[in-house]
Amino acid sequence: MDIRYEPGRIEKKWQEHWEKNNFYKVTEDEKKPKYYALEMFPYPSGNLHMGHVRNYAIGDVVARFKAMNGYNVLHPMGWDSFGLPAENAAIKHGSHPAKWTFANIDNMKIQLKTLGISYDWDREVATCHPDYYKFTQWMFLKLYENGLAYKKSAAVNWCPSCQTVLANEQVVEGCCERCESKVDKKQLEQWFFKITEYAQRLLDDLEKLPGWPDKVKTMQKNWIGRSEGCQFSMAIEGHDEKLTVFTTRPDTVFGVTYRVLAPEHPLVSAITKGTPQEEEVTAFINQIKLVSDVDRSSNELEKAGVFTGAYAINPMNNEKVPIWIANYVLMDYGTGAIMAVPAHDQRDFDFAKKYDLPIRVVIQGSDTPDKGELSEAYSGEGFMVNSGSFNGLSVTEGQKQIIDHMERNSIGNGTINYRLRDWLISRQRYWGAPIPIVYCPHCGPTPVPYEDLPVLLPEDVDFKITGESPLNYVESFYKTVCPACGGEARRETDTMDTFVCSSWYFTRYCDPANSNLPFDSDKANYWMPVDQYIGGVEHAILHLMYARFFTKFLYDIKMIDSQEPFSNLLTQGMVLKDGAKMSKSKGNVVSPEEIINYYGADTARLFILFASPPEKDLEWSDQGVEGSSRFLNRVWRLVHDYMPELKDITEEINPESLNKVDKSLYYKIHATIKKVTEDIEERFNFNTAISAIMELTNQLNSYREVKDKNKALLKLAIEELLILLSPFSPHICEELWQSIGNQDSIYLQSWPKYDPEALVLDEVEVVVQISGKVKERLRVPANASKDEMTQLALNSPKIKQLTNGKNIVKIIVVPNKLINIVIK
RNA sequence: GCGGAUGUGGCGGAAUUGGCAGACGCACCAGACUUAGGAUCUGGCGGGUAACUCCGUGGGGGUUCGAGUCCCUUCAUCCGCACCA
């Protein structure tokens with residue numbers, strides 16, 4: 001064994017060894033408990049960044065730990081490889097998206113392999129590969145078949161720079177999530193997935209995910225945005241049409257003093273046409289159109305509106321109330337129309353004040369003034385007033401009875417409203433999975449038969465920047481025959497949102513080579529659900545919601561037994577440098593490749609796991625990396641120097657007969673096993689697990705000074721140290737494990753179990769406090785009774801002196817910890 | 001505006017059930033070895049103080065024998081949502 005630690009040499013050696021011997025290859029095995037460890041697969045941008053390293057290092061600790069604990073561990077990796085950057089690169093550099101993407105994958109795969117992660121590379125998937133997107137298309141057809149994929153004309157978010165449609169979720173503060181340009185509105189025929197049909201289940205089943213962070217569950221809950229209330233219609237004076245409103249406060253329906261439509265509401269033109277107000281209303285609508293979505297949704301914007309000239313009849317009291325249109329009512333929530341109750345809704349209140357509309361109190365709160373004007377809307381508890389026969393009812397009771405009354409009289413009914421919208425999946429781009437639909441002049445939209453999948457992307461494409469998909473220009477692609485009637489037909493040229501591809505990839509890993517089905521149900525049922533999913537919190541809403549939706553759908557069509565894809569979720573923090581996210585523009589990027597080349601993967605992994613607990617942000621520190629490297633060097637030297645002592649050991653350890661120093665080392669070994677095991681398994685506190693391993697190393701270093709070394713104990717200590725460290729820094733541990741005479745890989749060792757007996761101490765140090773202040777430390781027999789402890793404390797000279805002549809009010813004893821003597 | 005998270009030495013962070021604040025690491029200081037040290041080893045390292053000791057977990061208040069931890073209040077930073085009827 002070399003005295004010098006050379007990570008470059010040994011890491012390569014072991015990576016090759018693992019690969020050659022198929023170490024991380026797994027198949028279903030009913031005899032072992034399964035464990036599915038998964039990290040979010042990356043977009044193949046071409047280079048690994050520190051965020052990836054962190055993500056995969058965390059996942060690898062979990063995977064290796066579980067494997068060493070006897071689990072049959074599935075730990076796969078793949079590529080989320082469709083998407084815009086490939087196409088942009090194609091436009092810019094004239095290369096083909098496929099060529100660009102696969103070259104990036106090759107490069108990133110090499111980088112990833114230098115990290116020494118325990119992946120089963122035989123299960124690698126790439127979403128842009130026809131073998132994969134064949135089944136993304138299969139998913140589309142299944143959804144279509146089940147009425148969950150449909151087409152409609154919709155005002156969509158259009159990114160003028162990317163030249164494509166964005167889902168609501170991809171619009172961040174009115175700007176494109178990817179390129180940050182301002183998003184426009186455009187009216188287009190688009191494909192949608194009916195995720196709203198699953199809204200309630202997606203909400204309810206959050207309860208079944210105790211292994212998810214509350215933060216993520218709350219975000220999803222808010223995104224689904226369930227609210228209970230009722231919907232009812234109001235007649236419009238002089239018109240046949242009725243207006244439907246949604247409200248969560250039916251109890252305030254007698255307080256309606258006006259009503260408001262969204263400016264985009266389809267009835268606006270009908271009720272204003274040919275009236276004196278038409279001009280003003282049109283002007284207002286045009287003015288609204290000029291305001292961007294960003295400003296429109298900002299609360300800085302002052303409420304504004306105009307009267308339409310029309311009146312609605314309140315079905316509860318037959319009152320005539322004016323109909324307005326206003327900027328604060330949104331077309332895409334509820335019915336795009338509200339009943340306005342200024343006394344009990346702050347927004348209506350502000351509007352009513354501005355335009356001098358009447359305000360009528362219908363809920364009497366405890367401090368509602370009898371006379372005089374309200375200064376703000378009252379939305380608290382109280383009882384109904386000015387509400388005819390409903391007077392005196394509480395808010396909750398009133399809501400029930402009003403809904404009841406409306407249902408009996410066919411005015412309206414109780415409903416539940418969600419903020420969640422259907423998922424717009426059409427993209428006018430080339431580099432995505434083609435939507436498997438054919439438009440036939442006779443048969444209409446017709447699905448491509450399953451046996452004709454995949455609908456392949458044509459390779460010879462011209463990447464012009466037009467508003468349309470480049471596929472619109474490839475005749476050989478769009479010109480086709482109708483699968484139903486055989487007549488001439490045109491293929492759909494839109495492709496699917498890449499989130500579709502990533503909504504089911506975790507099931508494909510279970511059976512990656514299946515050419516008939518996306519996966520075999522038995523195989524998927526063996527592995528699914530994912531036991532631990534790890535990735536960035538930025539996917540808390542979109543990806544995770546879509547993946548949950550797909551899983552529920554796959555459950556419904558009996559492909560899979562799980563209703564949820566990910567039992568446990570860990571959202572890792574960002575990797576920062578100088579307090580900011582690493583980015584090219586800030587010039588604070590640290591390249592994993594350079595770090596690995598210089599220090600080795602083991603050091604890089606160790607530092608990143610040691611610097612911070614996984615869910616918190618991590619501040620990159622070059623000096624910290626240096627420290628981790630120093631630690632591994634220390635371990636190396638320790639093993640190297642002790643090696644001669646570890647040979648030909650015949651004696652066994654008899655814990656009973658150990659001397660004091662040996663006993664303390666023996667204790668430390670088991671305490672470390674306990675600490676590291678619990679830190680990994682229960683808390684993902686890798687940083688404290690590593691610090692415990694460092695403590696053991698320190699103690700082993702001090703053991704060098706000991707004259708009569710217990711060699712068996714020493715050997716045990718070093719073996720356990722290496723095993724405990726191996727999930728974090730596997731290469732060096734393999735090498736050292738082998739160098740102390742072991743034939744088998746360290747990865748094949750069982751994870752050690754601590755001996756509770758070893759953790760029983762003869763004596764413990766306890767603290768003696770006087771009125772809560774520490775005054776003395778005493779060594780007392782372990783598990784001494786409260787009385788014994790009290791006596792020992794009171795008899796100690798220092799305490800005697802301090803309590804002399806004082807009145808002892810109370811003595812509190814915490815066994816094995818402390819004695820607090822309260823004096824006056 | 002609403003919701004959530006965080007706040008502990010010079011720095012990253014520990015303290016798992018209300019029980020010794022600062023584990024482990026970095027930086028720094030002193031020493032050893034050395035031709036040399038940006039290697040390695042040993043020791044020190046929250047603040048005030050010569051010392052006894054006192055103060056100290058963003059600020060203020062409270063509960064408790066005892067609070068980083070629980071309660072109230074306030075400030076700062078970050079994240080999510082943003083007129084959701």
Side-chain angles (χ1 to χ4, degrees), chain A residues 172-173 213-216 218-219 221-223 225-227 229 231 245-249 252 259-260 262 296-303 326-330 332-341 344-348 350-351 417-419 537-538 540-541 573-574 579 606-607 610-613 615-628 630-631 633-634 637 675 678-679 682-683 685 687-698 701-702 704-705 765-777 809-823:
Chain A
V172 179
E173 286 173 359
D214 289 338
K215 178 185 168 178
V216 173
T218 306
M219 281 163 84
K221 210 171 170 176
N222 293 340
W223 194 261
R226 178 192 153 108
S227 57
Q231 207 164 299
V245 259
F246 172 75
T247 179
T248 54
R249 293 292 306 272
T252 62
R259 25 171 334 169
V260 189
R296 175 91 188 266
S297 63
S298 151
N299 62 347
E300 306 291 303
L301 189 75
E302 203 186 319
K303 290 175 180 49
N327 59 358
Y328 76 99
V329 174
L330 309 172
D332 55 5
Y333 183 77
T335 60
I338 61 159
M339 64 177 210
V341 186
H344 305 293
D345 181 291
Q346 192 57 41
R347 295 154 300 176
D348 297 343
D350 295 342
F351 192 79
N417 202 33
Y418 299 92
R419 281 162 72 182
V537 73
E538 65 272 21
I541 298 174
M574 283 187 299
L606 191 73
F607 166 71
F610 178 60
S612 171
E615 66 281 0
K616 288 227 258 167
D617 286 351
L618 180 153
E619 174 70 27
W620 184 265
S621 154
D622 291 332
Q623 285 167 333
V625 179
E626 197 76 48
S628 294
R630 215 145 47 200
F631 169 70
N633 271 289
R634 217 153 38 226
R637 275 197 308 275
K675 171 84 178 147
E678 289 173 358
D679 276 353
E682 291 162 25
R683 289 182 285 275
N685 283 355
N687 53 336
T688 50
I690 293 166
S691 82
I693 296 171
M694 287 173 170
E695 285 185 51
L696 176 60
T697 311
N698 291 346
N701 256 323
S702 321
R704 288 170 191 259
E705 307 299 318
E765 191 181 80
V766 296
V767 170
V768 186
Q769 297 178 333
I770 303 283
S771 300
K773 303 263 182 195
V774 179
K775 295 294 177 185
E776 178 69 308
R777 289 155 207 279
V809 185
K810 200 175 180 183
I811 299 180
I812 289 126
V813 182
V814 181
N816 292 329
K817 272 198 178 135
L818 110 178
I819 303 133
N820 186 9
I821 302 164
V822 187
I823 58 170

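The chains referred to below are lettered A, B, ... by the order of the sequence lines, with proteins before strands, and numbering in each begins at 1.
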Is it true that A/D350 and A/Y328 share a donor-acceptor pair across their side chains at a distance under 3.5 Å? no
Looking at every strand, decide which applies to A/Q346 at a 4.0 Å heavy-atom threshold: base, sugar-phosphate, or nothing. nothing
Can you identify which nucleotide, out of B/rG12, B/rC81, B/rU16, has its nearest atom closest to the A/A611 side chain? B/rG12
Picking from B/rG13, B/rC65, B/rA85, the nucleotide nearest the side-chain atoms of A/N820 would be B/rC65
Closest nucleotide among B/rC81, B/rG19, B/rG3 to the A/T218 side chain: B/rG3
Measuring from the side chain of A/F246 (C-beta onward, heavy atoms only), which nucleotide among B/rC65, B/rA85, B/rG19 has the closest atom? B/rA85
Does the side chain of A/N701 come within less than 4.5 Å of A/R634's, by heavy atoms? yes
Per atom distances to the A/I338 side chain, the nearest of B/rC83, B/rA85, B/rC55 is B/rA85
Looking at the base of B/rC79, is there any donor atom on it, or on the side chain of A/K215, that sits under 3.5 Å from an acceptor on the other one? no
Has A/S771 got a side-chain N or O lying under 4.0 Å from the OP1 or OP2 atom of B/rG66? no
Rounding to an integer number of Å, can you tell me how far A/D617 CG sits from B/rU77 C1'? 12 Å
Do A/D679 and A/T688 pair up side chain to side chain, a donor and an acceptor below 3.5 Å, judged on atom types alone? yes
Sugar-phosphate only, base, or nothing, as touched by A/K221 at under 4.0 Å among non-hydrogen atoms: nothing
Partner of B/rA27 by Watson-Crick or G-U wobble geometry, both contacts under 3.5 Å, or none? none
Atom P, compared across B/rG56 and B/rG48: separation rounded to whole Å: 15 Å
When the C1' atoms of B/rA82 and B/rA27 are compared, how many Å lie between them, rounded to an integer? 44 Å
Nearest heavy atom decides the nucleotide; on that basis, is A/N417 or A/I690 closer to the 5' end of RNA chain B? A/I690
Protein-nucleotide distance (A/D350, atom CG; B/rA85, atom P), rounded to Å: 16 Å
For A/M219 and B/rC79, what is the distance between atoms CE and C1' respectively, to the nearest whole Å? 8 Å
In whole Å, what separates the C1' atom of B/rG46 from that of B/rG22? 8 Å
Any-strand Watson-Crick or G-U partner of B/rA14, both distances under 3.5 Å: none
Taking the side chain as every heavy atom from C-beta outward, state whether A/V813 and A/I811 have any atom pair closer than 4.5 Å. yes
A/K303, NZ: over 12 other non-hydrogen atoms inside 6.0 angstrom: yes
Please evaluate the base of B/rU53 for a donor-acceptor partner in the side chain of A/K773 within a cut-off of under 3.5 Å? no
Could you give the distance separating B/rU8 and B/rA15 at their C1' atoms, to the nearest angstrom? 10 Å
Identify the heavy atoms of A/H344 and A/R249 that sit nearest to each other, and give their distance. O-NH1, 4.4 Å
Between B/rC75 and B/rC65, how far apart are the C1' atoms? Round to whole Å, please. 32 Å
How far, in whole Å, is B/rG13 from B/rC2 if one measures between their C1' atoms? 32 Å
Ignoring hydrogens and geometry, is there a side-chain-to-backbone donor-acceptor pair from A/N417 to A/Y333 under 3.5 Å? no
B/rC83, OP1 or OP2 - any side-chain N/O from A/N327 closer than 4.0 Å? no
Atom-to-atom span, CG of A/N685 to C1' of B/rC24 - whole angstrom: 13 Å
Determine whether A/K775 and A/V768 make a side-chain contact, defined as any pair of heavy atoms from C-beta on separated by less than 4.5 Å. no
Write down the distance between CG (A/N633) and C1' (B/rG38), rounded to a whole number of angstrom. 14 Å
Closest listed nucleotide, where the reference is the side chain of A/P613 and the choices are B/rU16, B/rG13, B/rG19: B/rG13
Need the glycosidic conformation of B/rG9: syn if within 90° of 0, anti if not. Which one? syn
Side-chain heavy atoms of A/R419 within contact of A/W223, under 4.5 Å: no
Nucleotides 25-31 of chain B: protein proximity per nucleotide (B base, S sugar-phosphate only, - neither; heavy atom, under 4.0 Å): SSS----
Kindly compute the distance separating CZ (A/F607) from CZ (A/F631), expressed to the nearest 0.5 Å. 15.0 Å
Integer angstrom distance from the C1' of B/rG59 to that of B/rG68: 15 Å
From B/rC65, B/rA14, B/rA85, pick the nucleotide closest to the side chain of A/L330? B/rA85
Could you state the atom-to-atom distance from CD of A/E615 to P of B/rU6 in whole Å? 10 Å
When the C1' atoms of B/rU69 and B/rG62 are compared, how many Å lie between them, rounded to an integer? 15 Å
Taking for each residue the nucleotide of RNA chain B with the nearest heavy atom, is it A/L618 or A/V814 whose nucleotide lies nearer the 5' end? A/L618
Report the distance from atom NZ of A/K616 to atom P of B/rU77, rounded to the nearest whole Å. 18 Å
Given B/rA85, B/rC81, B/rA14, which nucleotide is nearest the side-chain atoms of A/I541? B/rC81
Now, which nucleotide makes the Watson-Crick or G-U wobble pair with B/rC65, with each of the two distances under 3.5 Å? B/rG19
Quick check: do A/I770 and A/I823 have side-chain heavy atoms less than 4.5 Å from each other? yes
Under a 3.5 Å limit for both distances, which nucleotide forms a Watson-Crick or G-U wobble pair with B/rU6, could you say? B/rA76
For A/R637, report the nucleic acid contact type (base, sugar-phosphate, nothing); a contact means any heavy atom under 4.0 Å. sugar-phosphate
In whole Å, I'd like the distance from the CD1 atom of A/I770 to the C1' atom of B/rU53. 16 Å
